[in-house]
Amino acid sequence: MRTKIVDLLKGSATNSTVNVKGWVRTRRGNKQVAFIALNDGSTINNIQIVVDIEKFGEEFLKPITTGSCINVDGLLVESQGQGQSVEIQATAIEIYGTADPNTYPLQKKGHSLEFLREIAHLRPRTNTFGAVLRIRHHLSYAIHNYFNDLGFYYFHSPIITASDAEGAGAMFQVTTLDMNNPPKNEDGKINYTEDFFGKPTNLTVSGQLEGELGAMALGGIYTFGPTFRAENSNTPRHLAEFWMIEPEVAFYDIHDNMDLAESFLKYVIGYALEHCKDDIEFLCKMYDNELVDRLNFVLQNKFIRLAYTEGVKILENSGKKFEFPVYWGADLQSEHERYLVEEHFQCPVIMTDYPKEIKSFYMKQNEDGKTVRGMDVLFPKIGEIIGGSEREADYDKLMNRVNELNMSMDSLWWYLDTRKFGTAPHAGFGLGFERLVLFITGMTNIRDVIPFPRTPNNTEF
Ligand code: 4AD
Ligand code: MG
């Protein structure tokens, strides 16, 4: 039976016969003996296979090149060489699949991340992407753990939606109509009654509005699913398809919400430090020497809580030249957020009480008539990692805002019903999963923390 390399390296099976299967990272050696570094994805570490050339024959070993896949039986022994604790003395090798050195793109180490994006179908086989993808997995698991332990329910919000009023971003349309010859009304507009759902539909930009329905019944819920935004924003922090975690909690106010966000982030960061040690240390060594320190710092320090109005004052008095101007009412840019976090406070910041004009209609309105109880969590290197708010629970106030904004509520009547029937104070937020993975891996481009990034003009893989 196959043993995973991660388990073999623990050493407890030493001096027994084992079977291992994996992909060859390198083969080196001399006339008598070959050393194969084998990886099976279970750990960043390879196991060394020692091959007696006389026994297997030079011809047999030739196709065992970088990228090929082999099945090895052998004896697990304490290693005589340096750099590994155990190794396998091969007794039988089967070649599952070769990888022609003339065409296999991952011959050498040290390819640029840009190059690897062009071979996204193969990049999971590199040390870097192996590490990132394992961390991604452990973080997903940690997130479910965290909320499950708190008694929150995993709530499945829909991916296709007919509501168009959240305003979180431009949407991708979903249709089965023939785009070359769509049915038309007399006024020349497309007749959506003939479309699959009988009305225009889109991919969701957020599960929040449905999540609120869940919270008004189950108390505390969270969503964790893909979300889609069609903005043409080609930045290192935006994807057209990204995963979002959105807890929504009845009877929470904005302070409870901030406490939840802080404790949640600290839990998952702590979980990663504990369960992804080898991978994080690898990424720290290769890409970002301060990574582990930064993660520990966030874990150990209380996040600063700062009202938008105060934040703007600090930015105005900073004496710093920003590309985008700062003034009360401005939607803060990443450069402003990062100044506050990285230079001024040198600590994560939760900014609250934003001008209502720059935030969504559903945020709870403050007494001042100008600001709303929104909150963004701002992180070093990332900027906004979480966006959320206490929600406006009062039907009339919510409708006033809807009317001020001239929003059509035709497709959102069901959302407003929550405020009609047993409304309750509640709050929630959205964590961008890839931004979290960026932070924890120390990667700098969001395209490098999801297996198959969706960005403008990019759906090859
Ligand atoms: O701030 P946003 O737009 O908030 C919402 O969608 C709310 N409905 C959340 C809620 O209150 N339940 O998005 C939330 C987070 C951002 O802070 C950011 O981390 C991430 O989602 N995000 C993106 N991540 C990658 N690519 C994009 N295009 C993103 N847009 C937002
Ligand atoms: Mg936001």
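Order of appearance sets the numbers: ligands from 1, and atoms from 1 within every ligand. Here the structure is a predicted model, which means the values were calculated and not measured. This chain uses plain numbering: 1 for the first residue, then up along the sequence. Because only heavy atoms are used, hydrogens play no part in the values below, and waters and symmetry mates are left out as well, while side chains stay in.
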**Request:** Please work out which of the three classes, parallel, tilted or perpendicular, describes the rings of Tyr146 and Tyr267, given edges at 30° and 60°.
**Result:** tilted
**Prompt:** Gly387 heavy atoms, cut-off 4.0 Å: which ligand 1 atoms fall inside?
**Reply:** 1 (O), 9 (C), 10 (C), 11 (O), 17 (O)
**Fill in**
Judged by heavy atoms only, the candidate from Glu212, Arg229, Gln208, Arg454 nearest atom 2 (P) of ligand 1 is Arg229
**Asked** Within 45° of the ring axis of Phe303 and under 6.0 Å from its six-membered ring centre, is that where the NZ or CZ of Lys266 lies?
**Response** yes
**Asked** At a 4.0 Å threshold, what atoms of ligand 1 neighbour a non-hydrogen atom of Gly432?
**Response** 15 (C), 19 (O), 20 (C), 21 (O)
**Prompt:** What count do you get for protein N/O/S atoms less than 2.8 Å from the Mg ion (ligand 2)?
**Reply:** 1
**Option with minimal heavy-atom separation from atom 11 (O) of ligand 1, where the choices are Arg391, Arg435, Met375** = Arg391
**Ion pair check, Asp448 and Arg123, cut-off under 4.0 Å** = yes
**Message:** Can you tell me how far apart OG (Ser163) and CG (Asn202) are? Round to the nearest 0.5 Å.
**Reply:** 8.5 Å
**Asked** Would you say Glu231 touches ligand 1, if touching means a heavy atom closer than 4.0 Å?
**Response** no
**Request:** Considering the heavy atoms of Gly388, write down every atom of ligand 1 situated less than 4.0 Å from one of them.
**Result:** 11 (O)
**Item:** Side chain Thr227, main chain Phe242, donor-acceptor under 3.5 Å
**Value:** yes
**Chi angles and distances behind the salt bridge (Lys or Arg N to Asp or Glu O under 4.0 Å) call for Asp259, Arg305** = CA-CA 11 Å; Asp259 291 344; Arg305 299 184 182 191; 2.9 Å; yes
**Prompt:** Considering distance alone, does some N or O of Val205 sit under 3.5 Å from an N or O of ligand 1?
**Reply:** no
**Message:** Taking the side chain as everything from C-beta on, heavy atoms only, tell me whether Met443 gets closer than 4.5 Å to Asp288.
**Reply:** no
**Message:** Below 3.5 Å, N or O to N or O, backbone or side chain included: is there any such pair between Ser206 and ligand 1?
**Reply:** yes
**Prompt:** Can you list the atoms of ligand 1 that are under 4.0 Å from a heavy atom of Arg237?
**Reply:** 25 (C), 26 (N)
**Request:** Decide salt bridge (Lys or Arg N to Asp or Glu O under 4.0 Å) for Glu404 and Lys356; before the verdict, give the C-alpha distance in whole Å, the side-chain angles of both, and the deciding distance to 0.1 Å.
**Result:** CA-CA 11 Å; Glu404 259 172 42; Lys356 63 178 179 184; 3.5 Å; yes
**Asked** Is there a heavy atom in Tyr362 that sits closer than 4.0 Å to ligand 1?
**Response** yes
**Message:** Please list the nearest protein heavy atom to atom 28 (N) of ligand 1 with its residue and the distance rounded to 0.1 Å.
**Reply:** Leu239 O, 3.0 Å
**Prompt:** Checking Arg419 against Tyr415: charged group under 6.0 Å from the ring centre and within 45 degrees of the axis?
**Reply:** yes
**Nearest-neighbour protein heavy atom for atom 19 (O) of ligand 1, which is reported as residue plus atom name and distance** = Ile385 O, 2.8 Å
**Asked** Out of curiosity, is Glu434 lining ligand 1, as in a heavy atom under 4.0 Å away?
**Response** no
**Atom indices of ligand 1, in the order listed, that fall short of 4.0 Å to a heavy atom of Met244** = 6 (O), 13 (O), 14 (C), 15 (C), 21 (O)
**Request:** Could you tell me if the ring centre of His426 sits under 6.0 Å from that of Tyr252?
**Result:** no
**Prompt:** Looking at Trp328, is Lys370 sitting on its ring face, NZ or CZ under 6.0 Å from the six-membered ring centre and within 45 degrees of the normal?
**Reply:** yes
**Asked** Where's the contact between Phe242 and ligand 1, heavy-atom distance under 4.0 Å: side chain, backbone, both or neither?
**Response** side chain
**Request:** If you have a sec, work out which protein heavy atom is nearest atom 15 (C) of ligand 1 and how many Å separate them, to one decimal?
**Result:** Gly430 O, 3.6 Å
**Item:** Interfacing atoms of ligand 1 (cut-off 4.0 Å, heavy-atom, Ile446)
**Value:** 25 (C)
**Proximity of Tyr222 and Phe147 rings by center, below 6.0 Å** = yes
**Glu384 with Arg237: basic N within carboxylate O range, under 4.0 Å** = no
**Fill in**
The reported gap from OG in Ser157 to CD in Glu246 (rounded to nearest 0.5 angstrom) is 6.5 Å
**Prompt:** Which one of Lys359, Glu384, Met363, Glu246 has a non-hydrogen atom at the shortest distance from atom 1 (O) of ligand 1?
**Reply:** Glu384
**Prompt:** Glu248 versus Arg391: any side-chain heavy-atom pair under 4.5 Å?
**Reply:** yes
